[in-house]
Amino acid sequence: MPAPSFPGPMPAPLAKALAEARAQFTERLVPQIVEVERLQAALDDPAQAAEAIGALAFLVHKISGVAATVGFPELGTRAAELDGQLQRLLRMPQPKVPAGLAVMLDPLMDLMEAAAFDD
């Protein structure tokens with residue numbers, strides 16, 4: 001969803017609130033990166049895979065809902081795409097990790113790291 005447009009400059013209170021939301025979002029990215037890495041490793045263990053998919057879907061869904069709003073549209077788009085794929089997996093009676101899921105996480109991780117460390 002594109003950011004709302006204003007006929008003139010963004011009102012100061014809204015700009016301040018958006019800047020604060022962006023700062024909070026980027027602060028949360030570092031622990032989320034660590035969590036994605038942990039979940040990525042858990043995907044390799046059949047005993048943990050279904051739970052890891054669920055946790056990963058929850059985390060990616062949160063990112064997809066906020067990233068574009070706070071100025072990271074590409075991260076939001078990538079997270080939304082992955083969220084859709086993970087939600088389809090979760091609707092299966094016994095979700096199995098598809099080949100290449102870990103590879104699909106790499107671009108998301110790159111965007112998360114760029115937002116967390118380059119901002």
Side-chain angles (χ1 to χ4, degrees):
M1 174 164 75
S5 61
F6 296 95
M10 185 180 295
L14 182 56
K16 181 180 179 194
L18 189 57
E20 289 172 1
R22 182 181 174 101
Q24 290 173 357
F25 178 79
T26 57
E27 285 175 19
R28 285 192 303 263
L29 281 174
V30 173
Q32 288 174 332
I33 290 166
V34 172
E35 181 66 2
V36 170
E37 290 172 341
R38 184 189 72 76
L39 293 169
Q40 221 171 353
L43 291 172
D44 294 333
D45 180 356
Q48 298 180 45
E51 185 177 324
I53 291 169
L56 192 56
F58 180 74
L59 191 149
V60 168
H61 182 78
K62 288 193 312 185
I63 292 169
S64 74
V66 178
T69 303
V70 296
F72 300 104
E74 189 176 356
L75 175 56
T77 298
R78 176 64 67 173
E81 290 168 356
L82 188 55
D83 180 36
Q85 293 170 341
L86 293 169
Q87 294 303 324
R88 282 190 289 281
L89 285 174
L90 290 173
R91 286 192 290 272
M92 296 177 163
Q94 293 187 339
K96 294 183 181 175
V97 179
L101 179 59
V103 172
M104 289 187 280
L105 287 168
D106 289 341
L108 178 73
M109 292 291 287
D110 291 343
L111 291 167
M112 289 173 71
E113 289 169 359
F117 300 115
D118 295 341
D119 193 43

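None of these values were measured; they are calculated from a predicted model. Below, each value reflects all heavy atoms present in this structure, side chains not excepted, and no hydrogens, waters or symmetry copies.
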Tell me, yes or no, whether the heavy-atom count around E37 atom CD, taken from other residues, nucleotides or ligands under 6.0 Å, exceeds 12.
yes
Please list, chain by chain and in numerical order, all residues satisfying side-chain contact (heavy atoms from CB on, under 4.5 Å) with [X], sequence neighbours excluded.
X	value
D110	E113
E81	T77, R78
A42	Q48, A52

Answer yes or no: is there a side-chain heavy-atom contact under 4.5 Å between V97 and D44?
no
F117, V34: one ILVMFWY side-chain cluster at the under-4.5 Å cut-off?
no
Any chain of hydrophobic side-chain contacts (each under 4.5 Å) joining F58 to L43?
no
[atom1] of [X] to [atom2] of [Y]: how many Å apart, nearest 0.5 Å?
X	Y	atom1	atom2	value
I53	L39	CD1	CG	10.5 Å
I33	M112	CD1	CE	5.0 Å
Q40	M104	CD	CE	11.0 Å
L111	D106	CG	CG	11.0 Å
L29	Q24	CG	CD	12.0 Å
E51	D45	CD	CG	10.5 Å

With side-chain hydrogen bond (donor to acceptor under 3.5 Å, both in side chains) as the rule and sequence neighbours excluded, what pairs involving residues 9-21 come up?
none
Looking at every heavy atom in both A79 and I63, which two are closest together, and how far apart are they?
CB-CG2, 3.9 Å
For L18 versus T69, what's the shortest heavy-atom pair and its separation?
CD1-O, 3.3 Å
Can K62 and R28 be said to form a side chain to side chain contact (heavy atoms under 4.5 Å, CB included), step by step?
CA-CA 11 Å; K62 288 193 312 185; R28 285 192 303 263; over 6 Å; no
Salt bridge (charged side-chain N to carboxylate O under 4.0 Å, His left out) against R38, all qualifying residues, sequence neighbours excluded:
E35
Give every residue pair that meets the ring pair (Phe, Tyr, Trp, His ring centres under 6.0 Å) criterion with at least one member in residues 15-40, sequence neighbours excluded.
F25-F72
Pairs involving residues 27-48, ordered by first then second residue, that meet ring pair (Phe, Tyr, Trp, His ring centres under 6.0 Å) (sequence neighbours left out)
none
Return all side-chain donor-acceptor pairs below 3.5 angstrom for residues 82-90, not counting sequence neighbours, or 'none' if the list is empty.
{"from": "D83", "atom 1": "OD1", "to": "Q87", "atom 2": "NE2", "distance (Å)": "3.1"}
{"from": "D83", "atom 1": "OD2", "to": "H61", "atom 2": "ND1", "distance (Å)": "2.8"}
{"from": "R88", "atom 1": "NH1", "to": "G84", "atom 2": "O", "distance (Å)": "3.4"}

Before giving the answer on side chain to side chain contact (heavy atoms under 4.5 Å, CB included), spell out for V70 and T26 the whole-Å C-alpha distance, their side-chain angles and the decisive distance to 0.1 Å.
CA-CA 9 Å; V70 296; T26 57; over 6 Å; no
